[in-house]
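Both counts, for ligands and for their atoms, begin at 1 and track the order of listing.
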Amino acid sequence: MLPSTEDLLNTPAARELLAETGRRRLTSLSRAAIDSIRHEISTGTRSEPRSYSKVDLLAKAEIQLKLLWASSRALRLRRVINATGVVIHTNLGRAPLSAEALQVVQEASGYCTVEYDIRSGKRGKRGAYVEDLISEITEAESALVVNNCAAAAFLLLVVLANGGEVIVSRGELVEIGGDFRVPDVLAQSGARLKEVGTTNRTKLSDYEQAISENTKAILRVHPSNYKIVGFTEKPSVVDLAGLSRRHGIVLYEDAGSGALVDLSQFGLDEPRIASSISDGADVVSFSGDKLLGGAQAGIIVGRKGLVEQIRKHPLYRALRASKLVYAILEATLESYLREDAMQQVPVLKMLAMSKEEITARAESVKERLLETLDAKGAGDVEIVAGESVIGGGAASGVQRETALIALKHSQKSAVEIEEGLRTAETPVISRIENDKVMIDLRTVSEDDEPELLEVISNVLR
Ligand SMILES: *Cc1c(COP(=O)(O)O)cnc(C)c1O
């Protein structure tokens, strides 16, 4: 009695979906809808299959088809409101773009001069302008952009150390997350890992004793997502640079997040890339979408000879960045050079936001929220003190004081409220603490506040 795919395709429900899905997807979804009803019946989850008529089953299949389409659509890239307070949220796309970056992306999305020199009418050098901006900001001789920082690290190790040894402190053999593990990346690059020191203490003499004629480089990895505290020791970049120079080997620092400006006033002791360079690191790699606040990219800066060697390697061609990435980096880096990055680059703006500023915004959201909720409503809104984390492998352990909007409901659990927010038309991503749903406005732009308000009041009503 089950409908055929053809029957289902001819229903009003299917015809209505056709414009959105296209014929091909509609057919496969229709098959899947009928299969799932067949499965339910044959495994006995439908209590009385015989009570269904053909018409009944076709109606069920229409409903199932709509559900399948909706759940397939839910997997698209969707805009969300990040109310978690985690500024660099890897699962939510890390750095949001600045308004200027958006504009330049739009411009570059058509034909553009990514590898074309308008003056000569000939082929130009890919990324030349962005590389100049990076060199200017970091005071490095040369710069190069690849797909992400993991690619940068891999490429650097392949070019600098293939077949040789790379010395790494045991305190820095880390996993960054998402399968990026320093020992594994080293092994894949063809370099041999030479571990020195201990988890908590590694001395300059440990590095020195490990140097042999096979040593190609010393790798220093920034502890982006963990902290070793207490009885600890590690040599400075200046000392490691001196040692490397004496032995004719390369000092490479994987800075990970890497700040371009001093962020210590916000409690972040991330190394400034310019400091690593002036302290004597030969090459440094860092991400484009962490504290820099631009696009997913891996940036390599350092000595001209080394950077050019990397540029000529065939692997660079395989790992190069797209024109859209150059566009985003261009706009973002220009903002740093104009010294308005703290106001224009969203990641920095959010980091800089004071607790007082967030409290004032939270109070105003609370007031507007209470207005929309029924006076005798079951929803409850209060403001509590809390902390925002930086996230994204930047500034581990650093938290910024914030004000949280805490949501409760007399008939809904915190889990239900969180789910309601998350599954709204514009999903709002929040967190639960002490049985309350917490909204941190640090990561919500003011433009998104009206929408946030609407989603919350719909869930609390
Ligand atoms: C984040 C990070 C990486 C990986 O960077 P992606 O841009 O995500 O590829 C590598 N090394 C360190 C130290 C990091 O913090």
Closest to atom 2 (C) of ligand 1 among His222, Arg220, Lys290, Glu270 (heavy-atom distance): Lys290
Polar proximity ligand 1 side, Asp289 side, N/O cut 3.5 Å exclusive: no
Nearest-0.5 Å distance that lies between atom OG1 in Thr138 and atom CD1 in Ile273: 8.0 Å
contact_flag Arg94 ligand 1 heavy-atom lt 4.0 Å: yes
Ligand 1 contacted by Gln296 (non-hydrogen, < 4.0 Å): no
For Ser224, atoms of ligand 1 separated by under 4.0 Å from a heavy atom: 12 (C), 13 (C), 14 (C), 15 (O)
Those atoms of ligand 1 less than 4.0 Å from some heavy atom in Ala150: 4 (C), 5 (O), 6 (P), 9 (O)
Contacting atoms of ligand 1, where contact means under 4.0 angstrom from a heavy atom of Phe180: 10 (C), 11 (N)
Glu253 versus Ser276, side-chain donor and acceptor atoms under 3.5 Å: yes
Any side-chain donor near an acceptor of the partner, Ser98 and Gln344, under 3.5 Å: no
side-chain hydrogen bond (donor to acceptor under 3.5 Å, both in side chains) evaluation trace for Ser388 with Arg442: CA-CA 7 Å; Ser388 321; Arg442 182 181 298 282; 2.8 Å; yes
Nearest heavy atoms of Ser169 and Thr202, plus distance in Å: OG-OG1, 2.8 Å
Polar atom proximity, Ala255 to ligand 1 (N or O, under 3.5 Å): no
Per-atom contacts, ligand 1 versus Ser287 - under 4.0 Å to a heavy atom: 5 (O), 6 (P), 7 (O)
Under 3.5 Å donor-acceptor, His409 side chain and Leu460 backbone: yes
Side chain to side chain, Lys323 and Glu115, heavy atoms closer than 4.5 Å: no
